[in-house]
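Just so it is clear: chains get the letters A, B, ... in the order the sequence lines come, proteins before strands, and each one is counted from 1. Note that these values count all heavy atoms, side chains included, but never hydrogens, waters or copies made by symmetry.
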Amino acid sequence: MPELPEVETVVRAIRPRLSGRRIVDACFTVPRQLLPQTDRQIRRAIKGQHIRDVRRRGKYILVELQKGVLMIHLRMTGRLYVRPVGQPAHAHERAWFALEDGHELVFRDPRTLGTISYATPKTIDALVGKLGWEPLQNDVDLPTVREKLRTRRTPVKPLLLDQRLWAGIGNIYASEILWEARINPAKAAASLTRQETQRLMAAILDVLSRAVKKGGSTIRDFMGPDGKAGAYQKQFRVYERAGQPCLRCGSKVIRIVQAQRSTYYCRVCQKKR
DNA sequence: CTAAGGACCTGTCGGC
DNA sequence: TGCCGACAGGTCCTTA
């Protein structure tokens, strides 16, 4: 469900309500979602710890505690919000973290694909160490990117979903980014020209930062933790617009399937060569 | 090493 | 109305 802009929106909303608070208890209902420890181990490890800060790395939400980090990944349908204890629950709530101040952090996830893990400074690298560049940091240069793409014969669209390159891009923004950069999603990553790679890097930064400014996208069930919907879905140029006119050239946007995921693009603006 | 396909889950929607 | 397949913001594992 959420990609970088949605995760960033969640983090910004919950950070002021969690920082400095103490976790007094935790409850988990789906053991499968806990990695790599058991519910009992995580519960014992985090109980009593103060929350120092809440940050994002790729699509991971990092709740930084005194002695370790609680890492939450929302996958497709996860949501995270803070509410006063005693308020009515929603369907599909899977985990709760009770705070000393009378609120609770709630993890809701209908499909139960999300994950919760607890890591210490010693073990965190195994979970987050393989993640690639942070798209909003904009701290990687053109030669470095070109070198990384040089050996990749895979189409560029599925490649954008590989979190080991840029961390945080998902299925919606991959299509949006390629439309913005005027690159054909089926083009082999290794065959991108210098100019195309440059446009790709610019589009990644541009599309994702604009989406963050709008509070992410709400298309099915993503919701800001305050119940507010994101607004970026109104700015989609190609995603879920198959059959509608391209906003640049007017020809029809088409949908194809790559690596079992939908891709949307304009055949005319995003020519292969 | 890379690449492709299935697996993991539940909910919703459109067609017959 | 009810059933069935397709599809959904993601990643991980197995196989070639």
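Residue-environment remark: CZ (A:Arg267) stays at or below the threshold of 12 foreign heavy atoms within 6.0 Å. Heavy-atom neighbours of A:Arg153 CZ from other residues, nucleotides or ligands within 6.0 Å: at or below the threshold of 12.
A close approach under 4.0 Å does not occur between any side-chain nitrogen or oxygen of A:His73 and OP1 or OP2 of C:dG10. At the phosphate of C:dG10, neither OP1 nor OP2 sits under 4.0 Å from any side-chain N or O atom of A:Gln163. In terms of phosphate contacts, A:Arg255 brings a side-chain nitrogen or oxygen within less than 4.0 Å of OP1 or OP2 of C:dC7.
Aromatic ring centres of A:Tyr173 and A:Tyr232: separated by under 6.0 Å.
Nucleotide C:dC13 holds its P atom 14 Å from the CG atom of A:Leu113, rounded to whole Å. Nucleotide B:dC9 holds its C1' atom 16 Å from the CG atom of A:Leu74, rounded to whole Å. Here the P atom of nucleotide C:dG10 and the CD1 atom of A:Ile72 are 18 Å apart, to the nearest Å. Protein atom CD of A:Glu6 is 16 Å distant from nucleotide atom P of C:dA8, rounded to whole Å. As rounded to whole Å, 16 Å separates atom C1' of C:dG10 from atom CD1 of A:Ile116. If you take CD of A:Gln233 and P of C:dA8, they are 17 Å apart, rounded to a whole angstrom. One interatomic measurement links the two molecules: CZ of A:Arg79 to C1' of C:dA8, which rounds to 15 Å at whole-angstrom precision. Between the C1' atom of C:dA6 and the CD1 atom of A:Ile256 lies a distance of 18 Å, rounded to the nearest Å.
Applying the salt bridge (charged side-chain N to carboxylate O under 4.0 Å, His left out) criterion to A:Arg15, with sequence neighbours excluded, gives A:Asp53. In terms of the side chain to side chain contact (heavy atoms under 4.5 Å, CB included) criterion, residue partners of A:Gln66 (sequence neighbours excluded) are, by chain and number, A:Gln49, A:His50, A:Arg52. With sequence neighbours excluded, the residues that form a side chain to side chain contact (heavy atoms under 4.5 Å, CB included) with A:Asp141 are A:Pro143, A:Thr144. Taking A:Arg57 as the reference, A:Glu134 meet the salt bridge (charged side-chain N to carboxylate O under 4.0 Å, His left out) condition, with sequence neighbours excluded. Partners of A:His90 by side chain to side chain donor-acceptor pair (under 3.5 Å), not counting sequence neighbours, listed by chain and number: A:Tyr81.
Listed by residue number, there are no residues of residues 33-43 of chain A with a heavy-atom contact under 4.0 Å to DNA chain B. Within residues 149-161 of chain A, the residues having any heavy atom under 4.0 Å from DNA chain B are, by residue number, A:Arg152, A:Arg153, A:Thr154.
Nearest nucleotide to the side chain of A:Thr112, out of C:dC7, B:dC9, C:dG10: B:dC9.
Mapping A:Glu240 and A:Tyr60 onto DNA chain C via the closest heavy atom, the residue that lands nearer the 5' end is A:Glu240.
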Inset, instruction - Represent DNA chain C in dot-bracket notation, 5' to 3'. Only Watson-Crick or G-U wobble pairs with both distances under 3.5 Å count; pseudoknot-style crossings use [ ] and interstrand partners use |. - result: .|||||||.|||||||

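Closest approach of A:Ala186 to A:Pro155, counting heavy atoms only: O-CB, 3.8 Å.
For residues 120-129 of chain A, the side chain to side chain donor-acceptor pair (under 3.5 Å) pairs, not counting sequence neighbours, are A:Thr120-A:Thr123.
A:Leu247 has its side chain out of reach of A:Val253: every pair of non-hydrogen atoms, C-beta onward, lies at least 4.5 Å apart.
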Identify all pairs in which a protein N or O lies below 3.5 Å from an N or O of nucleotides 5-7 of chain B, and state each distance.
residue	atom	partner	partner atom	Å
B:dG6	N7	A:Gln260	NE2	3.0

Within the sub-3.5 Å range, which N or O atoms of nucleotides 11-13 of chain B have a protein N or O partner, and how far apart are they?
residue	atom	partner	partner atom	Å
B:dG11	OP1	A:His92	NE2	3.3

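By the 4.0 Å N-to-carboxylate-O rule, A:Glu180 lies too far from A:Arg237 to be salt-bridged with it. The pair A:Asp109-A:Arg94 fails the salt-bridge criterion, with no side-chain N (NZ, NE, NH1 or NH2) lying under 4.0 Å from an Asp/Glu carboxylate O.
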Inset, instruction - Evaluate the criterion side chain to side chain contact (heavy atoms under 4.5 Å, CB included) for residue pair A:Lys157 and A:Tyr265; output intermediate values, then yes/no. - result: CA-CA 11 Å; A:Lys157 186 316 189 126; A:Tyr265 75 107; over 6 Å; no

Inset, instruction - Decide yes or no on side chain to side chain contact (heavy atoms under 4.5 Å, CB included) for A:Val106 and A:Gln87, but give the supporting numbers first. - result: CA-CA 11 Å; A:Val106 184; A:Gln87 285 211 342; over 6 Å; no

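Looking at heavy-atom distances under 4.0 Å, A:Thr115 makes no contact with the nucleic acid at all. Among the heavy atoms of the strands lying under 4.0 Å from A:Arg261 is at least one base atom, whether or not backbone atoms are also near.
Other members of the hydrophobic cluster containing A:Val69, listed by chain and number, are A:Tyr60, A:Leu62, A:Met71, A:Ile124, A:Leu127, A:Val128, A:Leu131; membership follows side-chain contacts under 4.5 Å among ILVMFWY residues, whether direct or relayed.
Rounding to the nearest 0.5 Å gives a distance of 9.0 Å between OH of A:Tyr239 and CZ of A:Arg255.
For the P atoms, the distance linking C:dT14 with B:dC9 amounts to 15 Å, nearest Å.
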